[in-house]
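Presented below is the structure to which this report refers.
Note that these values count all heavy atoms, side chains included, but never hydrogens, waters or copies made by symmetry. Remember, predicted model here, so these are calculated numbers, not experimental data. For ligands, and for the atoms within them, numbers begin at 1 and follow the listed sequence. In this chain, numbering begins with 1 at the start of the sequence shown.
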Amino acid sequence: MSADKKVAFGWIEDNKEHLIEISDKIWEVAELGLIEFKSSALLAGELKKHGFRVECGVAGMPTAFVASWGKGKPVIGVLGEYDALPGLSQKDIPREEPRESGKPGHGCGHNIYGTSAMAAAIAVKKAMEKSGPRGIIKFFGCPAEENYSGKVYMVRDGYFNNVNAVLGHHPGSMNAASLRSSLSIVSARFHFYGKAAHAGGAPEQGRSALDAVELMNVGVNFLREHVIQDARIHYIVEKGGFQPNIVPPYARSWYYVRAPERHEVEYIYDWIIDIAKGAAMMTRTELKVEVEAGIYNVVPNRTLAELIVKNMREIGLPKYSREELTFAAEIAKTIPREAKVTQLKNTKRPGWEQLVDKLLDDEVPDPWGDGEYMHGSTDVADVSWRVPTVEFYTATWTLGTPGHSWQNVAQSRVGLGHKSLIFSAKVMAGATIDLLTDGKIVRKAKEEYRERIGNRKYKSPIPVGSKPPLDVWEK
Ligand SMILES: [Zn+2]
């Protein structure tokens, strides 16, 4: 192990308790996207304390920031996320019980995501301080991954220009740097405006905006037969009127449309717009469409994925205490075996069958899944269109744990989550040190990135001039 890595890992070990405290604090405050004021301040403050130059409020978001240290080239970025999910409040116990009913919770483990990258950045700085800086380490504080895709604004505003490689760590059920891509997405709200009238006394004078919402949904549900296999369309009805005796003058739906390639998602989305126009025409209501967010599909990078796997193996997987294994076993009881089989099978990871009877992933496979898609989306994708990027996973949650669940929240602030935090911080620090000290890896990652992009073009998926919707939680 190199002297730099020894210093970096030593710093992480020595500061373990403090790092866990930070992650747990972010878990407790559980702030929603774009209003992660305490969480971002906590991480930015820590980086500042360790001598990083911190630029706050970047790309029009008060909770976005960039912290840098070092000089020269290359520039290596690490990603931090810290937003929670609405309605997922949960105690750190292995049965479903909210801390505060209806409040947000860290159902995607972003308390760990933010802290592991921060720890890695500081640890790398400690190592470079000793041996002399050979490049710049940048921590990107990225708000609102779950809803408004903060990174898309940061990419659009040039914050990832001149960065040579980017690493992100996401808590997961496996130890993996997969080569699977993700789905590109459009998130849009459909507002319909009708006319209120007494639904019993004067229905002929009313124009129902809710009818338009319903007819649009019917049209879209028929469209499903004619979209490609990997496409996904889902919606909610956000406003449907006041009470049954008033013809609803206003109604609103919120749609996500996903497909692997950008042009595929745009094709389906355009068709959906036609359906919405049709619904407005049928009901004699007015339609307003509002694009809320858009993201691309991930461009994987084998060079970076292999670097992560190499570091995971060099460091060695965490060992779990009896207490941690008991917690995992309790959680496992709440997960049906079939759900576990489906989840593992979908990864198509070699040897997934052996994992079905295990509690936690206990190996590090070679990167897998090139040419395949996971059916979710992430704004890490937009970074990956600008810079060679890898987002890797470490076992935080019992195998089979569904995403965005109470089980995720609970496991993200107990021993299981803490082990994942410390392990992933070391992996990220180790890989960053390799990138800062071996120019060959950076060059190879860049070549591969160029090859994979080919003649595809990146055009920001959000409307020109649009600003992050900072008032969204007041709506
Ligand atoms: Zn997430």
Side-chain angles (χ1 to χ4, degrees), residues 23 26-27 29-36 39-40 43 61 63-64 78-90 104-118 120 139-152 154 166-178 180-185 187 232 234 256 258 293 295-298 300 308 343 346-347 361 373-384 389-398 400-413 416-417 420-421 424-425 427-428:
S23 170
I26 296 173
W27 185 93
V29 296
E31 296 170 299
L32 295 170
L34 295 177
I35 50 170
E36 315 97 321
S39 310
S40 60
L43 296 170
M61 294 171 286
T63 56
V78 294
L79 302 174
E81 296 173 4
Y82 28 76
D83 58 327
L85 286 155
L88 276 184
S89 171
Q90 164 66 31
H106 269 289
C108 209
H110 292 181
N111 56 310
I112 299 173
Y113 197 130
T115 314
S116 61
M118 179 212 76
F139 175 100
F140 291 92
C142 309
E145 190 277 334
E146 296 290 1
N147 46 8
Y148 295 100
S149 314
K151 295 182 199 73
V152 176
M154 295 167 82
V166 166
L167 310 174
H169 159 255
H170 201 298
S173 289
M174 284 172 240
N175 300 299
S178 95
R180 292 195 305 165
S181 183
S182 57
L183 299 185
S184 180
I185 184 172
S187 157
R232 294 284 187 274
H234 18 260
Y256 280 8
R258 313 189 205 225
I295 50 189
Y296 268 61
N297 50 344
V298 162
I308 292 293
Q343 189 190 51
N346 282 343
T347 67
D361 191 7
Y373 294 90
M374 59 146 180
H375 289 86
S377 310
T378 167
D379 60 3
V380 172
D382 295 68
V383 178
S384 78
T389 299
V390 66
E391 188 180 41
F392 66 97
Y393 302 89
T394 57
T396 310
W397 308 316
T398 311
T401 306
H404 296 185
S405 61
W406 69 262
Q407 291 97 328
N408 273 2
V409 186
Q411 294 173 96
S412 296
R413 82 145 281 170
L416 299 168
S420 160
L421 163 67
S424 59
V427 172
M428 198 180 252

Margin query: For a distance under 2.8 Å, give residue and atom name for each protein N, O or S atom next to the Zn ion (ligand 1).
Written below: Cys108 SG, His110 NE2, His170 NE2
Checklist line | Asn175 backbone acceptor or donor facing Thr394 side chain under 3.5 Å | finding: no
Check: Going from CE on Met428 to CD1 on Ile308, what distance comes out if it is rounded to the nearest 0.5 angstrom?
Finding: 7.0 Å
Notebook entry, point to check: Quick one: does Arg232's side chain get under 4.5 Å of Leu183's, heavy atoms only?
Noted result: yes
Check: Without hydrogens or angle criteria, can the side chains of Thr63 and Ser40 be said to hold a donor-acceptor pair below 3.5 Å?
Finding: no
Note to self: Any side-chain to backbone donor/acceptor pair from Ser39 onto Ile26? Under 3.5 Å, distance only.
What the structure shows: no
Notebook entry, point to check: Quick one: does Ser405's side chain have a donor or acceptor within less than 3.5 Å of a partner on Asn408's backbone?
Noted result: yes
